Amino acid sequence: MLLDSRFREIDRAERVHDGFRDARRAWIGGRLDERHEEWESPDAATRRFHEGLLTHHAAHLIVGTHGMVLTAWMVGQGLIPSGDAAVEFWEQLRFPEVIELTLPLVRVRAVLTDGDGRFVLIKRTHPGQAPYWTTPGGGVMLSDPSHEDALRRELREELGAEAELGGVLHERQLDSIRSEVFYAATLMSIDPTRADGPEYDGPSRGRYDVERVMRDELSALDLRPNSLKELLLRTRGGAPRR
């Protein structure tokens with residue numbers, strides 16, 4: 001058993017008072033007001049919950065979680081309707097409740113280059129561990145119209161970036177339900193102040209630093225996955241070197 005804080009209940013400043021359940025109903029129904037000024041937004045809760053699902057590699061994943069964040073995630077995935085229907089679902093949850101779902105978990109990533117041909121990478125640093133680098137991206141929600149739309153959303157959330165997407169460069173299957181798809185992409189604009197993804201929720205998740213790296217610098221980096229690194233080191237001008 002592993003503890004993962006991304007499956008926690010929603011973050012909120014709340015006192016138990018006569019109207020506290022009404023405030024919770026309003027949050028679940030998407031009717032936010034002054035009562036929720038110090039509450040995590042439904043969108044932020046949904047995104048970090050989904051990132052948690054993508055992290056754990058297993059053919060069958062059993063998650064012990066909480067009712068409000070679970071309901072928000074299911075609404076975000078389009079598994080239940082929003083509004084009053086979501087409130088009704090939450091109020092009918094039992095303790096404990098078992099919900100079994102079968103759904104694909106796809107992560108999309110961008111092999112993103114800027115106007116100078118540099119790769120835009122994320123340097124990940126955890127205390128006491130050597131750093132490693134990844135390409136930007138994240139999980140596809142069922143509510144995303146396409147994988148490409150999901151990647152554009154993730155680039156906005158993670159980097160505050162807009163990009164022109166190309167074709168698929170690399171794919172890999174992680175297990176029976178999890179996979180990763182890597183797209184070629186060209187950076188059009190970037191504004192880090194617009195980044196608001198779940199990776200910035202707290203210091204416990206380590207540092208996320210955006211770095212721009214020339215191709216000849218890749219060999220010295222722990223770029224993950226290694227299969228992508230090997231592909232990029234073989235590639236010049238869009239075609240793998242033999």
Side-chain angles (χ1 to χ4, degrees), residues 4-8 11 40-57 69 72-73 76-77 104-116 118-126 129 131-172 174 178-213 218 221-225 228-229 232:
D4 190 327
S5 63
R6 286 170 289 194
F7 300 131
R8 68 188 183 274
D11 299 328
E40 184 178 20
S41 73
D43 184 56
T46 296
R47 285 172 2 217
R48 53 101 165 158
F49 189 98
H50 197 70
E51 282 297 309
L53 293 176
L54 288 161
T55 298
H56 300 284
H57 297 172
V69 69
W73 174 78
Q77 290 285 10
L105 294 172
V106 181
R107 190 187 296 272
V108 286
R109 293 192 176 279
V111 181
L112 184 62
T113 53
D114 66 12
D116 296 320
R118 298 173 297 179
F119 293 104
V120 182
L121 302 177
I122 307 295
K123 181 181 179 182
R124 298 286 288 109
T125 308
H126 296 277
Q129 302 179 28
Y132 64 90
W133 286 256
T134 67
T135 50
V140 177
M141 299 287 196
L142 293 180
S143 55
D144 287 319
S146 68
H147 287 184
E148 292 82 0
D149 287 306
L151 183 52
R152 292 186 185 96
R153 173 182 54 75
E154 285 290 340
L155 290 174
R156 294 184 191 109
E157 293 172 0
E158 192 168 22
L159 301 178
E162 300 292 338
E164 180 179 339
L165 302 186
V168 174
L169 288 180
H170 183 56
E171 295 182 73
R172 65 174 188 150
L174 302 176
R178 289 168 181 77
S179 60
E180 281 189 315
V181 183
F182 297 81
Y183 288 83
T186 302
L187 182 67
M188 307 303 291
S189 66
I190 186 168
D191 179 0
T193 63
R194 293 173 53 213
D196 65 348
E199 51 274 353
Y200 301 106
D201 282 349
S204 63
R205 302 191 63 183
R207 288 182 56 88
Y208 285 74
D209 297 303
V210 179
E211 294 191 348
R212 303 194 189 201
V213 177
L218 289 177
L221 303 184
D222 181 9
L223 176 62
R224 302 181 183 181
L228 176 66
K229 176 181 176 179
L232 296 180

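Computed from a predicted structure; not experimentally measured. These values consider heavy atoms only, across backbone and side chains, with no hydrogens, waters or symmetry-generated copies.
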- Query: What distance separates Arg212 CZ from Asp116 CG, expressed to the nearest 0.5 Å?
  - Reply: 8.0 Å
- Task: Taking all heavy atoms of Asp144 and all of Ala150, pick out the closest pair and write down the distance.
- Result: OD2-CB, 3.2 Å
- Would you mind reporting whether Phe7 and Leu53 have side-chain heavy atoms less than 4.5 Å apart? yes
- Just wondering, are more than 12 heavy atoms of other shown residues or ligands nearer than 6.0 Å to CD in Gln129? yes
- Message: Using the rule side-chain contact (heavy atoms from CB on, under 4.5 Å), only one of Leu232, Leu228, Val181 pairs with His170; which is it?
- Response: Leu228
- Item | Polar side-chain atom of Arg8 near backbone of Val69 as donor-acceptor pair, under 3.5 Å | no
- Task: Would you sort out whether Met141 and Thr46 count as a side chain to side chain contact (heavy atoms under 4.5 Å, CB included), showing the intermediate values?
- Result: CA-CA 10 Å; Met141 299 287 196; Thr46 296; 3.7 Å; yes
- Task: State whether Asp149 and Arg153 are salt-bridged, where the test is any N-O pair (Lys NZ or Arg NE/NH1/NH2 against Asp/Glu carboxylate O) under 4.0 Å.
- Result: no
- Item | Reported NZ-to-CG distance for the pair Lys123 and Asp222, which is rounded to 0.5 angstrom | 11.5 Å
- Query: Taking all atoms of both residues into account, what is the closest heavy-atom pair of Asp11 and Arg48, and its distance?
  - Reply: N-NH2, 4.2 Å
- Task: From the options Leu155, Thr113, Leu112, Leu159, select the one residue that forms a side-chain contact (heavy atoms from CB on, under 4.5 Å) with Leu187.
- Result: Leu112
- For the atom pair CD1 (Ile122) and CH2 (Trp133), what is the distance rounded to the nearest 0.5 Å? 12.5 Å
- Nearest 0.5 Å, what's the CD-CZ distance between Glu157 and Arg194? 11.0 Å
- Taking the side chain as every heavy atom from C-beta outward, state whether Thr134 and Leu121 have any pair of such atoms under 4.5 Å apart. no
- Inter-residue atom distance Leu105.CG - Leu142.CG, 0.5 Å rounding: 8.5 Å
- Can you measure from CZ (Arg156) to CG (Leu151) and round to the nearest 0.5 angstrom? 10.0 Å
- Query: Are the charged groups of Glu51 and Arg6 less than 4.0 angstrom apart, N to O?
  - Reply: no
- Item | Least distance between heavy atoms, Gly166 atom then Tyr183 atom | O-CD2, 3.6 Å
- Task: Provide the closest heavy-atom pair for Gly76 versus Ser143 in the form atom of the first, atom of the second, distance.
- Result: O-OG, 2.7 Å
- Message: Name the residue from Glu154, Glu180, Glu158, Glu171 that meets the salt bridge (charged side-chain N to carboxylate O under 4.0 Å, His left out) definition with Arg109.
- Response: Glu180
- Task: Go through the structure and list residues passing side chain to side chain donor-acceptor pair (under 3.5 Å) with His50, not counting sequence neighbours.
- Result: Trp73, Gln77
- Message: Given 3.5 Å as the limit, does a donor-acceptor pair link the side chain of Thr125 with the main chain of Pro131, or not?
- Response: no
- Nearest heavy atoms of Lys229 and Leu221, plus distance in Å: NZ-O, 2.6 Å
